[in-house]
Number of protein chains: 2
Amino acid sequence: MSEDLITLRAIGTIKSPFQDPVGVPIQPRAAQGVKGEIVLDPIYQEGLKDLEGFSHLILIYHFHRSGKGPLVVKPFLDDEMRGVFATRAPRRPNSIGLSVVKLVGIKGNILAVENLDMLDGTPLLDIKPYIPDFDPAENIRVGWL
Amino acid sequence: MSEDLITLRAIGTIKSPFQDPVGVPIQPRAAQGVKGEIVLDPIYQEGLKDLEGFSHLILIYHFHRSGKGPLVVKPFLDDEMRGVFATRAPRRPNSIGLSVVKLVGIKGNILAVENLDMLDGTPLLDIKPYIPDFDPAENIRVGWL
């Protein structure tokens, strides 16, 4: 089953202060205020129309420096092994990352953003508007965390 | 720039009641209570360890029946054309979908879930735990919405 191969192409690049995996914020609090830019491939610039009205964006990107890893991992600051799908670890069966960032402004194909927690040069796969209504409002449990 | 090609492989399949794009919930409210299953490829089952403690999951999946579309689109129930990155439209430069669903239970490689808004047979790319702390808490603006 699930033999489907899906080929994606980066739509741009994320510029962040982090040149090395060591030092990239693990907890969202540590990413607060970290500034950077999204350099969108100009061929997609028209797709940014109306985005400026949103305060926050969901970025979907490729963990380009993380290979596949084991299915159980030891999260940062944790003593136990956890299933990789119960973590946000970058080494996972498909190396896809997800972050919510603050949109500061857009000029042409360049987006100024804050609260970055990914490596400099990260290939961007998609931008979606962050819409709180799309998320569950109550009765949240966060398991081993 | 951005010539990187990224190849992913589905890790499983999402079973939902929706056989046809017409009728798939557009608004999250309409997806409330819609039941379905995730059939994970058994080779990844070990990665589900500890996931059961989380009430909600982020599913990242392939809009397998949506081709690429124009960069400006007319959203459902809207009269104006919007940039595709300011919408959740399935036809986008990389056909990646994102939904937050409720986890009901796990048996082996099968996850019972609720609040589904994707087509039956959708190829699953990743599962991440939903952690409210990872999302912005205040000063949210949702633009044209």
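All chains are named by letter (A, B, ...) in the order of the sequence lines, taking the proteins before the strands, and each is independently numbered beginning at 1.
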Query raised in the report: Using non-hydrogen atoms only, which part of R92(A) is less than 4.5 Å away from chain B: side chain, backbone, both, or neither?
Result: side chain
Query raised in the report: Hey, does N115(A) have a side-chain heavy atom less than 4.5 Å from the side chain of V34(A)?
Result: no
Query raised in the report: If you count heavy-atom pairs under 4.5 Å between each of G47(A), G83(A), A86(A) and chain B, which one has the most?
Result: G47(A)
Report summary line: Max heavy-atom pairs within cutoff under 4.5 Å with chain A, candidates V84(B), I58(B), I6(B), L51(B), goes to I6(B)
Report summary line: One option among E46(B), Q32(B), E80(B) has the most heavy-atom pairs under 4.5 Å with chain A, and it is E46(B)
Report task. Examine I106(A) and F85(B) and state if one hydrophobic cluster contains both, with Ile, Leu, Val, Met, Phe, Trp and Tyr joined whenever side-chain heavy atoms are less than 4.5 Å apart. Result -> yes
Query raised in the report: In this structure, are over 12 heavy atoms from other groups packed under 6.0 Å from K102(B) atom NZ?
Result: no
Query - From Y130(A) atom OH to R141(B) atom CZ, the distance as rounded to the nearest 0.5 Å - result: 14.0 Å
Query raised in the report: With respect to chain B, which residue among P93(A), A31(A), G53(A) yields the maximal number of heavy-atom pairs within a distance under 4.5 Å?
Result: G53(A)
Query - Top contributor to chain A interface from L48(B), I43(B), I60(B), T87(B) [non-hydrogen pairs under 4.5 Å] - result: T87(B)
**Report entry** Residue pair S99(A) / D117(A), side-chain donor-acceptor N/O under 3.5 Å
**Finding:** yes
Report task. Count the heavy-atom pairs under 4.5 Å between each of L57(B), V73(B), N94(B) and chain A, then report the option with the highest count. Result -> N94(B)
**Report entry** Within 6.0 Å of NZ in K68(B), more than 12 heavy atoms from elsewhere
**Finding:** yes
